[in-house]
Number of protein chains: 2
Amino acid sequence: MLGQAEDRPVAVQIPVKNADAVESRIEDLCAKRGLRMTEPRRVIARVLSAAEDHPDAEALYDRVKEVDPTISMATIYRTMKLFEEMDIVSKRDFGDGRARYEPQSGPDDHHHHMIDVETGEVLEFYNQELEDLKKRIARDLGFDLVDHHLELFGTRRKKQH
Amino acid sequence: MLGQAEDRPVAVQIPVKNADAVESRIEDLCAKRGLRMTEPRRVIARVLSAAEDHPDAEALYDRVKEVDPTISMATIYRTMKLFEEMDIVSKRDFGDGRARYEPQSGPDDHHHHMIDVETGEVLEFYNQELEDLKKRIARDLGFDLVDHHLELFGTRRKKQH
DNA sequence: GTAAATGCAAAAGCTTTGCCCCACG
DNA sequence: CGTGGGGCAAAGCTTTTGCATTTAC
């Protein structure tokens with residue numbers, strides 16, 4: 001009833017949550033780097049793969065605990081450090097004293113963040129002009145760019161000038 | 001006895017270091033904003049005015065103690081917070097878990113930092129193109145820019161391509 | 001004289017680590 | 001089965017705070 005499956009295909013396929021997917025992008029990466037795949041790492045990898053925001057250690061801990069309550073905070077930190085070294089996640093600092101983590105899409109995934117100082121909301125953006133300019137600035141200073149962080153802090157514009 | 005006080009008033013003409021200057025740029029600023037000028041604030045202001053690097057709280061504490069050993073770490077932090085709110089210094093984060101402080105030259109002094117990941121050396125730079133681009137990006141995202149941080153991490157280029 | 005600033009020490013985050021047990025490969 | 005990984009709790013660091021005392025204006 002109510003039309004054929006093709007009418008709303010997405011809803012018909014089982015709505016599994018990403019975190020429960022048998023195989024997550026980050027699990028794949030772990031395998032590729034030959035990391036020993038333990039239960040905590042699997043869970044953390046899935047939670048990270050499913051994350052669409054910029055969770056801090058505690059947020060990760062909370063999400064991970066929902067899947068497996070025996071996993072400890074120490075493991076969150078140890079795993080984040082490991083994943084960082086493996087270029088699986090990148091650590092960010094939005095100026096509130098805690099580290100945030102996000103999956104690293106690729107070696108040259110250099111998006112940045114616009115942070116609403118009133119609400120704490122974080123928007124991601126990418127701008128090719130900015131990428132080029134940064135490389136040029138570094139080169140002019142005599143450096144090869146290894147990494148860079150840009151965070152913009154602002155307030156939503158209520159009226160245009 | 002032992003000669004009159006006037007004979008060695010201030011040890012004659014001492015080649016005072018910047019930090020001992022009677023009037024420092026930051027002291028001026030404090031006065032302008034009507035801050036109550038206490039001895040610790042005066043000392044901290046002078047140390048900051050004389051700083052040509054990016055000291056963290058402990059480095060400031062050490063320098064301040066040389067002038068007045070009774071000043072406490074709590075006062076360093078409290079004063080940095082105050083100066084930050086007054087736009088007298090800006091707080092920076094070079095990714096090592098401690099805040100760095102530096103005098104703010106002006107309301108639109110938005111230089112940035114190029115950090116040598118091998119030596120920890122920090123170069124400052126300013127680039128108008130970058131300033132314009134950032135404002136434009138923020139506007140395109142619907143924001144008014146309040147603040148922004150950019151840090152470039154790199155290694156010194158040994159050979160040009 | 002009064003409100004604000006400071007020193008001291010304790011507390012509060014966030015993150016790391018030692019130690020011993022457990023599980024992956 | 002041996003070695004790396006994980007849980008737990010304690011320690012480490014940087015920064016903040018409560019309280020009594022001192023200081024600037």
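The sequence lines fix the lettering, A, B, ..., with proteins before strands; numbering per chain opens at 1.
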Problem set entry | Whole-Å gap separating P (C:dA5) and CG (B:D68) | 18 Å
Exercise. Quick one: does B:R41's side chain have a donor or acceptor within less than 3.5 Å of a partner on B:R36's backbone?
Worked result: yes
For this session: For residues B:R157 and A:R139, determine if any side-chain heavy atom of one lies less than 4.5 Å from a side-chain heavy atom of the other.
Result: yes
For this session: Indicate whether OP1 or OP2 belonging to D:dG7 is found under 4.0 Å from a side-chain N or O atom of A:S72.
Result: yes
For this session: Whole angstrom is fine here: how far is it from CG in B:L60 over to C1' in D:dT14?
Result: 14 Å
For this session: Measure the NZ-CG distance between A:K135 and A:D140 for me, rounded to the nearest 0.5 Å.
Result: 14.0 Å
Seminar exercise, completed: Overall bend of the helix from C:dG1-D:dC25 to C:dG25-D:dC1 (five pairs an end, 10° steps) is 40°
In a table with atom names and distances, give each donor-acceptor pair under 3.5 Å that connects a side chain of residues 75-90 of chain B to protein atoms at least two apart or in another chain.
from	atom 1	to	atom 2	distance (Å)
B:T75	OG1	B:S72	OG	3.3
B:T79	OG1	B:T75	O	2.6

Seminar exercise, completed: A:K65 NZ to D:dG7 C1', in whole Å, measures 14 Å
Problem set entry | Sequence neighbours excluded, every pair satisfying ring pair (Phe, Tyr, Trp, His ring centres under 6.0 Å) that has a member inside residues 26-55 of chain B | B:H54-B:F94, B:H54-B:H113
Exercise. Run the side-chain contact (heavy atoms from CB on, under 4.5 Å) check on A:F143 and B:T155 step by step: do they pass?
Worked result: CA-CA 5 Å; A:F143 283 81; B:T155 54; 5.5 Å; no
Could you run down the sub-3.5 Å N/O contacts of the protein with nucleotides 9-16 of chain C?
from	atom 1	to	atom 2	distance (Å)
C:dT15	OP1	A:A99	N	2.9
C:dT15	OP2	A:Y77	OH	2.4
C:dT15	O5'	A:Y77	OH	3.3

For this session: Mind calculating the distance between CG (B:L82) and C1' (D:dT16) to the nearest angstrom?
Result: 15 Å
Please list, pair by pair, any protein nitrogen or oxygen found under 3.5 Å from a nitrogen or oxygen in nucleotides 21-25 of chain C.
from	atom 1	to	atom 2	distance (Å)
C:dG25	OP1	A:M37	N	3.0

Exercise. Mind checking what makes side-chain contact (heavy atoms from CB on, under 4.5 Å) contact with B:E129, not counting sequence neighbours?
Worked result: A:L133, A:R136, B:N127
Seminar exercise, completed: Of B:R41 and B:P69, the one whose closest nucleotide on DNA chain C sits nearer the 5' end is B:R41
For this session: Side-chain contact test, heavy atoms from C-beta onward, threshold under 4.5 Å: evaluate it for B:V122 versus B:R100 and give yes or no.
Result: no
Exercise. Just wondering, more than 12 heavy atoms not from B:E39 lying within 6.0 Å of its CD?
Worked result: yes
Problem set entry | Side-chain heavy atoms of B:Y126 within contact of B:E131, under 4.5 Å | yes
Exercise. Would you call A:R156 and A:E121 a salt bridge, taking side-chain N to carboxylate O under 4.0 Å as the test?
Worked result: yes
